[in-house]
Protein chains: 2
Amino acid sequence: MTALNERKQKILRAVVTDYIQTAEPVGSRTLSRHYQLALSAATIRNEMADLEELGFLKQPHTSAGRIPSQQGYRFYVDSLMDQVELTPQEKLYLEKFFTQLQKIREIDQIVQQVAKALSVLTRYTSLVLAPQLKHCAFAQMRLIPIDEKQALVVLFTDTGYIRNKVIEMPRALSADELDRVVAYLNEELAGQTIAGLTAARLRKLRPDLYSRVDILHSLLAMLEECSSDGETRIFLGGTSNILDQPEFKDMEKVKHLLTLFEEGERLTFILETAPEGITIRIGTENLLAEMHDCSLVTASYHLHGRPLGTIGVLGPTRMEYARVTTIIKEMTERLNMLISML
Amino acid sequence: MTALNERKQKILRAVVTDYIQTAEPVGSRTLSRHYQLALSAATIRNEMADLEELGFLKQPHTSAGRIPSQQGYRFYVDSLMDQVELTPQEKLYLEKFFTQLQKIREIDQIVQQVAKALSVLTRYTSLVLAPQLKHCAFAQMRLIPIDEKQALVVLFTDTGYIRNKVIEMPRALSADELDRVVAYLNEELAGQTIAGLTAARLRKLRPDLYSRVDILHSLLAMLEECSSDGETRIFLGGTSNILDQPEFKDMEKVKHLLTLFEEGERLTFILETAPEGITIRIGTENLLAEMHDCSLVTASYHLHGRPLGTIGVLGPTRMEYARVTTIIKEMTERLNMLISML
DNA sequence: TTTAGCACTCTCGGAAGGCGAGTGCTAAAG
DNA sequence: CTTTAGCACTCGCCTTCCGAGAGTGCTAAA
């Protein structure tokens with residue numbers, strides 16, 4: 001595409017950097033003074049006019065400074081952004097945080113804490129998708145009779161998730177019978193992903209277990225329920241942080257975002273559709289209209305090389321991309337480590 | 001205390017009613033026109049001056065209309081407020097809502113849905129405290145060995161709560177031994193509230209179970225952990241609704257509230273300390289400074305006559321108390337019913 | 001005791017005008 | 001040909017300044 005000569009790139013980088021810090025349109029004067037460009041304001045003005053024509057910058061109104069356009073941010077993120085290091089304070093915070101976290105065994109709680117830490121560190125809003133049951137693989141189930149009519153099914157996944165449901169038992173069954181049914185299912189289903197546990201199962205299982213088909217039905221229904229579980233598996237942190245951003249002094253925008261924050265499914269969708277690894281979505285690159293002047297940085301976390309979920313940071317398009325990226329990278333790395341230790 | 005004559009009461013009621021609707025200071029003119037007081041503006045003016053002196057009304061500034069003071073709201077709520085009925089739409093909504101809800105078995109999910117419905121109906125923010133483990137009574141526990149070193153403990157409460165935790169087993173124990181320990185604990189602890197399961201236990205149990213004291217330790221530690229479980233057992237609904245209130249056009253206030261909303265423990269505290277039955281806390285009657293210009297209407301919901309948790313609605317002091325109270329009453333009633341059917 | 005009339009107060013909204021930051025253009029310098 | 005200095009111009013923002021409108025308190029009459 002359009003190749004920017006080195007000088008234009010330097011100027012663009014300076015504009016983006018400055019605007020990210022100040023949130024104010026940046027003028028040629030400011031650039032020539034505060035950045036080592038060795039150019040006069042006039043020259044910079046000309047270059048900026050070019051950059052605007054090329055679509056990397058824009059003016060809020062005539063005779064104001066320039067601010068980066070979406071395309072400008074994109075170029076910055078792709079080509080101009082330097083890597084930053086964690087500050088000593090951030091390192092310290094992370095260190096302490098993960099030390100604390102080791103005590104917690106439940107993945108959902110861990111992930112919730114991660115959301116919080118992420119928002120504290122970045123000072124933006126964080127979104128964290130907990131591991132989804134349906135993407136995990138079936139490991140085994142156990143059945144605990146409660147009384148004549150009900151039993152508790154405990155489901156274990158390969159990722160260490162444990163989930164229980166009460167099911168109704170259509171009729172009293174002996175412990176032996178139950179054990180056999182469960183053992184059979186455990187054998188048949190081991191390794192299958194939860195999402196795959198649907199109608200396809202029924203066909204296979206009927207033939208040789210006719211007498212127990214009713215209890216099987218209950219169990220399969222329960223599994224299917226798990227596979228389509230609409231539970232909110234998303235955690236937010238620092239939602240109030242968006243109010244610190246000058247771009248959200250407009251109540252309407254805030255309202256739209258806050259409303260979005262209450263819609264678990266749509267948020268989940270956003271994080272689910274993020275590809276593996278680190279992704280940065282800027283402005284209208286986000287699918288949801290409410291996020292059209294936001295940017296979202298996401299990364300997936302893994303167990304045994306398989307993606308479990310996603311963590312993300314949401315801020316204005318004028319986001320400190322470099323800093324956020326570094327923090328997210330570090331966070332996923334440590335989270336992966338933590339999870340792999342069970 | 002100060003007895004208000006009937007006329008003053010009528011006027012106060014009119015002021016509160018009008019201000020609740022319009023959010024604008026109400027003047028003598030408006031009152032004489034829109035309310036059947038059969039009094040001239042001048043007379044009303046005099047009475048309003050009295051009411052102000054008595055502390056029930058206040059003026060935002062000289063020569064503006066009057067608005068209710070906190071004391072004014074308090075008097076209104078205690079003595080002046082008429083009962084309102086649910087609108088047909090509200091009834092319909094509730095009907096549908098609870099029909100849907102019957103399908104859900106897990107109390108936490110139910111309660112989360114209630115929070116949502118409550119915010120939709122009231123158009124304020126809702127807070128709902130889920131049943132707290134520690135207030136429930138121990139019913140029984142089951143232990144499922146996972147491998148040599150770990151076992152899953154499943155805890156049942158009398159309220160139908162089911163909670164599981166993985167514990168480390170200090171050494172391999174035979175199934176028989178485990179069964180006996182668990183059976184023993186089940187007998188000893190049945191009916192005790194989870195909150196009571198602390199150090200007091202240890203004394204009783206040591207003597208006759210010396211050989212298994214290590215596994216006992218693990219189990220007791222696990223129970224104790226449950227009793228002090230800091231998990232977020234609170235659900236919010238309609239947080240973005242506060243932005244619709246003109247009193248929250250000030251970003252600072254909103255920010256304080258949103259930040260508070262992220263602090264589960266403090267919110268939990270607020271709801272925990274609410275007495276049984278319906279309570280209305282106005283302005284500074286709320287313990288948290290962030291809520292000093294909010295009002296909170298709460299009610300507790302029950303199972304078998306025992307309070308399980310609390311539901312609440314948070315809005316500006318200029319809240320539609322009558323409407324909210326009716327909705328909350330109806331909601332708790334139906335929720336009680338739903339829960340009692342398991 | 002109630003009411004009409006009146007002068008007074010205070011907020012809010014819009015208009016006017018000055019300030020400052022920044023631009024684009026032109027012409028000179030390198 | 002590129003860079004730079006100078007300059008006129010534009011435009012948003014802030015302050016100030018009314019005028020309108022709503023509402024009050026007081027006084028005097030019904």
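Labels below follow one simple rule: chain letters A, B, ... track the order of the sequence lines, proteins then strands, and each chain is numbered from 1. All values below come from the heavy atoms of this structure, side chains included, with hydrogens, waters and symmetry mates left out.
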Assess whether a salt bridge exists between B:Lys116 and A:Glu262, defined as any Lys/Arg side-chain N lying under 4.0 Å from an Asp/Glu carboxylate O. no
Under-4.0 Å salt bridge between A:Glu52 and A:Arg66: yes
Walk along nucleotides 7-30 of chain D from 5' to 3' and tag each nucleotide B, S or - by protein heavy-atom contact under 4.0 Å, base first, then sugar-phosphate. ---BSS----------BBB-----
Can you name the salt bridge (Lys or Arg N to Asp or Glu O under 4.0 Å) partners of A:Glu330, sequence neighbours left out?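 Per chain and number, A:Glu330 pairs via salt bridge (Lys or Arg N to Asp or Glu O under 4.0 Å) with A:Arg334.
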Check DNA chain D for consecutive Watson-Crick or G-U pairs with both distances under 3.5 Å and list the runs of at least three as stems. C:1-30 with D:1-30
Set of residues satisfying side chain to side chain donor-acceptor pair (under 3.5 Å) with respect to A:Ser32, sequence neighbours excluded: none
State which residues pass side chain to side chain donor-acceptor pair (under 3.5 Å) with B:Tyr73; sequence neighbours excluded, sorted by chain then number. none
Whole angstroms only, please: what is the [atom1]-[atom2] distance between [X] and [N]?
X: B:Lys8; N: C:dT2; atom1: NZ; atom2: P; result: 10 Å
X: A:Glu24; N: C:dG22; atom1: CD; atom2: C1'; result: 13 Å
X: A:Arg7; N: D:dT2; atom1: CZ; atom2: P; result: 9 Å
X: A:Leu31; N: D:dT3; atom1: CG; atom2: P; result: 16 Å

Quick one: which residue pairs count as a side-chain hydrogen bond (donor to acceptor under 3.5 Å, both in side chains) with a foot in residues 75-84 of chain B, not counting sequence neighbours? B:Arg74-B:Asp78
Have B:Gln70 and B:Thr317 got a donor and an acceptor in their side chains that come within less than 3.5 Å? no
Would you tell me whether B:Tyr124 and B:Asp244 have side-chain atoms, one donor and one acceptor, within less than 3.5 Å of each other? no
